[in-house]
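Here the structure is laid out as structure tokens; the discussion comes afterwards.
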Protein chains: 2
Amino acid sequence: MIKKEARKRFFDYIKKQGLRNTRQREEILEVFLSSGGHITADEIFEKVKARDSSIGYATIHRNLALLLDSGLAEEIKIGKGKTRYEQMHMRQHHDHLICLKCGKFIEVRDENIERLQEKLAEENDFKPVRHKLEIYGYCKKCINKH
Amino acid sequence: MIKKEARKRFFDYIKKQGLRNTRQREEILEVFLSSGGHITADEIFEKVKARDSSIGYATIHRNLALLLDSGLAEEIKIGKGKTRYEQMHMRQHHDHLICLKCGKFIEVRDENIERLQEKLAEENDFKPVRHKLEIYGYCKKCINKH
DNA sequence: ATGGATGCAAATGATTTGCAGAATG
DNA sequence: CATTCTGCAAATCATTTGCATCCAT
């Protein structure tokens with residue numbers, strides 16, 4: 001199962017850094033990995049609190065930083081809203097089409113673009129690690145309304 | 001001259017919205033258009049203040065919002081730093097290679113990627129307006145140091 | 001003259017940090 | 001046991017807003 005891999009990767013990272021495992025850390029990881037994607041710190045806080053009402057908000061952020069560092073999560077910051085966190089590990093990388101009207105996120109992937117990005121980086125003596133492609137515009141429903 | 005075009009576009013927008021032209025607005029636009037790119041609100045504030053020490057910080061933000069709305073500027077939010085503003089109008093669109101070690105921004109452009117993005121959007125019944133592509137990794141200087 | 005624009009200071013909102021006690025390896 | 005982690009509250013930091021006044025049209 002894929003979630004198991006992600007857990008392993010996270011705990012391997014934790015151990016390598018000389019850090020410890022905790023109940024809270026485990027719960028936050030679980031909620032994050034079970035999220036559809038694009039989850040906020042607040043949303044994680046609410047979900048974890050439902051299971052363990054004693055958890056503090058700061059703990060969410062501290063562990064989110066760890067998810068980022070371990071490469072499991074990626075930040076998405078758009079406009080003035082709060083930062084969203086997306087899974088990097090379990091799922092295949094994808095790009096986003098973002099509707100300027102209704103805010104809808106459409107996940108897409110194009111192998112040719114992926115390949116050209118590698119090439120583009122290489123041509124610039126750059127070793128790519130990850131990337132983010134966001135295309136802003138209007139989705140089908142909103143295309144006539146703006 | 002290209003800067004002149006950008007100015008026209010901005011003031012056309014202002015007028016269309018029933019807004020007014022002011023000394024401050026003019027100065028902020030000037031500083032923004034003269035910036036190399038990736039400028040922050042603070043940096044604009046400092047530069048404008050050098051010419052007009054009475055200007056307030058809030059005015060920078062209020063006018064930056066206008067630059068965004070008029071389509072002249074684009075926001076770039078990375079990590080925990082402050083938002084950077086980049087010119088959209090005068091210069092050709094470009095993507096970024098961002099070094100995870102030294103923070104260097106390399107501007108790149110690939111026609112094929114641009115074209116494939118159009119196609120990708122179209123296939124999803126999506127009308128693209130603008131996009132943002134950021135590739136994170138290690139630049140030539142840092143590639144051996146991490 | 002009229003309503004948008006500005007400067008200032010205070011407010012906001014998200015994220016971070018200091019600290020003392022709790023828990024892990 | 002030594003250290004990391006946690007919850008809490010206070011602190012930060014960037015950005016936004018309320019308000020009285022100013023100024024462009």
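Naming: A, B, ... by sequence-line order, numbering from 1 per chain.
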Legend entry - B:Thr83 vs D:dA14: side-chain N/O to OP1/OP2 distance below 4.0 Å: no
Inset, instruction - Answer yes or no: does a side-chain N or O of A:Asn63 lie under 4.0 Å from OP1 or OP2 of D:dT6? - result: yes
Inset, instruction - For D:dG7, take OP1 and OP2 only and decide whether either is under 4.0 Å from a side-chain N or O of A:Gln24. - result: yes
Legend entry - Below 4.0 Å: OP1/OP2 of D:dT4 and any side-chain N or O of A:Gln17: no
Inset, instruction - Hydrophobic side-chain clustering at under 4.5 Å (ILVMFWY, transitive links): who's grouped with B:Leu97? Put none if nobody. - result: A:Leu97, A:Ile106, A:Val108, A:Ile113, A:Leu116, A:Leu120, A:Phe126, A:Leu133, A:Ile135, B:Ile106, B:Val108, B:Ile113, B:Leu116, B:Leu120, B:Phe126, B:Leu133, B:Ile135
Inset, instruction - Return the nearest nucleotide to the side chain of B:Ser54; candidates are C:dG7, C:dA14, D:dT15. - result: C:dG7
Legend entry - Atom-to-atom span, CD of B:Glu26 to C1' of C:dA5 - whole angstrom: 14 Å
Legend entry - Nucleotide nearest A:Ala41 (side chain, heavy atoms from C-beta), chosen from D:dT16, D:dT6, C:dT15: C:dT15
Inset, instruction - Between C:dT15, C:dG7, C:dA5, spot the one nearest the side chain of A:His61, thanks. - result: C:dT15
Inset, instruction - Take the protein atom CG of B:Leu64 and the nucleotide atom C1' of D:dT15, then report the distance between them rounded to whole Å. - result: 11 Å
Legend entry - Residue pair A:Ser34 / A:Lys3, side-chain donor-acceptor N/O under 3.5 Å: yes
Every protein N/O lying under 3.5 Å from an N/O of nucleotides 17-23 of chain C:
from, atom 1, to, atom 2, distance (Å)
C:dG18, O6, A:Arg62, NH1, 3.4

Side-chain donor-acceptor distances from residues 65-78 of chain B under 3.5 Å, at least two apart:
from, atom 1, to, atom 2, distance (Å)
B:Ser70, OG, B:Leu66, O, 3.1
B:Ser70, OG, B:Leu67, O, 3.0
B:Lys77, NZ, A:Gly79, O, 2.1

